[in-house]
2 protein chains.
Amino acid sequence: MEMHQVRYFLAVCETLNFTRAAERCHVTQPALTRAIQKLEEEVGGQLFRRERNATHLTHLGQMVKPHLEQVLADSQAAMSTARAPSQCSGLR
Amino acid sequence: MEMHQVRYFLAVCETLNFTRAAERCHVTQPALTRAIQKLEEEVGGQLFRRERNATHLTHLGQMVKPHLEQVLADSQAAMSTARAPSQCSGLR
DNA sequence: CAATGTTACGATACACGTAATCATA
DNA sequence: TATGATTACGTGTATCGTAACATTG
């Protein structure tokens with residue numbers, strides 16, 4: 001599992017639309033589709049159910065989603081902690 | 001930030017030794033060194049202080065570490081949730 | 001000189017974008 | 001036929017491993 005897969009997954013969760021998720025992530029649909037497919041392989045099942053009108057989360061997707069939200073939140077926390085001015089003085 | 005950088009970082013945290021961390025991650029030292037360097041660039045500072053005998057975490061590294069432990073834990077939780085037998089029946 | 005970390009370099013793999021294809025309303 | 005997702009294909013970047021180098025006890 002890689003971070004970009006997590007970002008793409010969460011973007012699809014929010015938009016329920018691969019096209020708009022791709023736009024939001026600044027990539028093309030094919031790139032996003034493949035990343036999601038690869039994530040689904042790793043996870044061992046479908047995360048989304050693609051249907052005529054809309055895209056839904058599967059049960060598996062619903063189970064995984066909160067964990068991946070945490071992954072993203074924690075990685076962002078790590079970055080903002082690091083960039084916080086509080087530690088400009090003591091990097092060692 | 002990518003997941004493999006997180007794994008490598010935590011391996012160095014635990015071993016305080018690039019060589020053994022690389023072994024644990026099944027990569028060569030050069031690969032691990034470069035991954036850590038790149039992470040340090042992204043974070044904006046040194047994460048480890050390399051010294052004659054040993055390797056220590058810098059203050060920055062100490063601040064970042066718990067967040068990256070969370071990232072790893074959450075990603076593993078996502079995977080084990082997905083693979084748990086509980087949802088063999090209802091993947092949709 | 002033994003152990004540890006870094007740099008150089010060529011090769012491989014992976015993610016990307018464009019374009020073509022499929023499916024559906 | 002228009003919209004949205006996938007597949008095909010060639011390209012570029014980034015990571016990798018091997019090997020050479022640097023540093024230090």
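Residue numbering restarts at 1 for every chain, and letters A, B, ... go by the order of the sequence lines. Since we're looking at a predicted model, the values are computed, not measured.
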**Student:** Is the phosphate of C:dA3, meaning OP1 or OP2, less than 4.0 Å from a side-chain N or O of B:N53?
**Tutor:**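 So the side-chain polar atoms of B:N53 never come under 4.0 Å of the phosphate oxygens OP1 or OP2 of C:dA3.
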**Student:** Report the residue from A:L57, A:T58, A:T55 that forms a side-chain contact (heavy atoms from CB on, under 4.5 Å) with A:R49.
**Tutor:**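 Filter result, single survivor: A:T58.
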**Student:** Give the nucleotide from the list C:dG17, D:dT15, D:dT7 with an atom nearest to the side chain of A:T33.
**Tutor:**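 When the side chain of A:T33 is considered, D:dT7 is the closest of C:dG17, D:dT15, D:dT7.
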**Student:** B:T19 has a side chain; which of D:dA19, C:dT4, D:dA5 sits nearest to it?
**Tutor:**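 Of all the options, the side chain of B:T19 is nearest to C:dT4.
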**Student:** For A:L10 and A:E69, which heavy atoms make the closest approach, and how far apart are they?
**Tutor:**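 In this case the closest contact between A:L10 and A:E69 is CD2-CG, 3.6 Å.
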**Student:** Can you tell me which nucleotide in C:dT6, C:dT4, C:dC16 comes closest to the side chain of B:Q29?
**Tutor:**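 Of the options given, the side chain of B:Q29 lies nearest C:dT6.
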**Student:** Which nucleotide sits closest to the side chain of A:F18: C:dG5, D:dA5, C:dC16?
**Tutor:**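 Of all the options, the side chain of A:F18 is nearest to D:dA5.
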**Student:** Can you tell me which nucleotide in D:dT15, C:dC16, C:dG5 comes closest to the side chain of A:H4?
**Tutor:**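 Given the options D:dT15, C:dC16, C:dG5, the side chain of A:H4 is closest to C:dC16.
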**Student:** Taking CD from A:E51 and P from C:dA25, how many angstroms apart are they, rounded to a whole number?
**Tutor:**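 One finds 9 Å between P of C:dA25 and CD of A:E51, rounded.
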**Student:** Starting at atom NZ of A:K38, determine the distance to atom C1' of D:dT7, rounded to an integer number of angstrom.
**Tutor:**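 The distance from NZ of A:K38 to C1' of D:dT7 comes to 17 Å, rounded to the nearest Å.
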**Student:** Quick check: on DNA chain C, is the nucleotide nearest B:L16 upstream (toward 5') of the one nearest A:A35, or the reverse? Name the residue that is more 5'.
**Tutor:**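 Looking at the nearest nucleotide for each, B:L16 comes out on the 5' side.
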**Student:** Starting from C1' on C:dG17, measure out to OH on A:Y8 and report it in whole angstrom.
**Tutor:**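 These atoms are roughly 12 Å apart.
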**Student:** Do side-chain atoms of B:Q46 reach the backbone of B:E40 as a donor and acceptor pair under 3.5 angstrom?
**Tutor:**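 Such a contact is absent between B:Q46 side chain and B:E40 backbone.
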**Student:** Could you tell me whether the side chain of B:R34 has a donor or acceptor atom within less than 3.5 Å of a complementary atom in the base of C:dG5?
**Tutor:**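 Counting by modelled atom types and ignoring angles, no donor-acceptor contact under 3.5 Å is found here.
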**Student:** Please give, in whole Å, the distance from D:dT7 P to A:E41 CD?
**Tutor:**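 Rounding to the nearest Å, CD of A:E41 and P of D:dT7 are 10 Å apart.
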**Student:** For the residue pair A:V71 and B:S75, what are the closest heavy atoms and their distance?
**Tutor:**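 Looking at all heavy atoms of both residues, the closest pair is CG2-N, 3.5 Å.
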**Student:** Provide, to the nearest angstrom, the distance between the CD atom belonging to A:E23 and the P atom belonging to D:dA5.
**Tutor:**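 Going from CD in A:E23 over to P in D:dA5 covers 11 Å.
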**Student:** Output yes when at least one side-chain N/O atom of B:N17 is less than 4.0 Å from OP1 or OP2 of C:dG5, else no.
**Tutor:**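 Yes.
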**Student:** Please pick, from D:dT18, D:dT6, C:dC16, the nucleotide with the shortest atom-to-atom distance to any side-chain atom of A:R50.
**Tutor:**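 Nucleotide nearest to A:R50's side chain: D:dT6.
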**Student:** To the nearest Å, give me how far apart CG (B:L32) and C1' (D:dG17) are.
**Tutor:**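 After rounding, the gap between these two atoms is 13 Å.
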**Student:** CG of A:L39 versus P of C:dA15: gap in Å, rounded?
**Tutor:**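 That distance rounds to 11 Å.
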**Student:** Round to a whole Å and report the spacing from CD of A:Q37 to P of C:dA15.
**Tutor:**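 So the CD-P distance, A:Q37 to C:dA15, works out to 12 Å.
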**Student:** May I ask you to check whether over 12 heavy atoms, not counting those of A:R50, lie within 6.0 Å of atom CZ?
**Tutor:**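 For A:R50, atom CZ is crowded (more than 12 foreign heavy atoms under 6.0 Å).
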**Student:** Is the base of D:dG4 touched by the side chain of A:R20 through a donor-acceptor pair closer than 3.5 angstrom?
**Tutor:**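 When only heavy-atom distances are counted, A:R20 does not reach the base of D:dG4 through any donor-acceptor pair under 3.5 Å.
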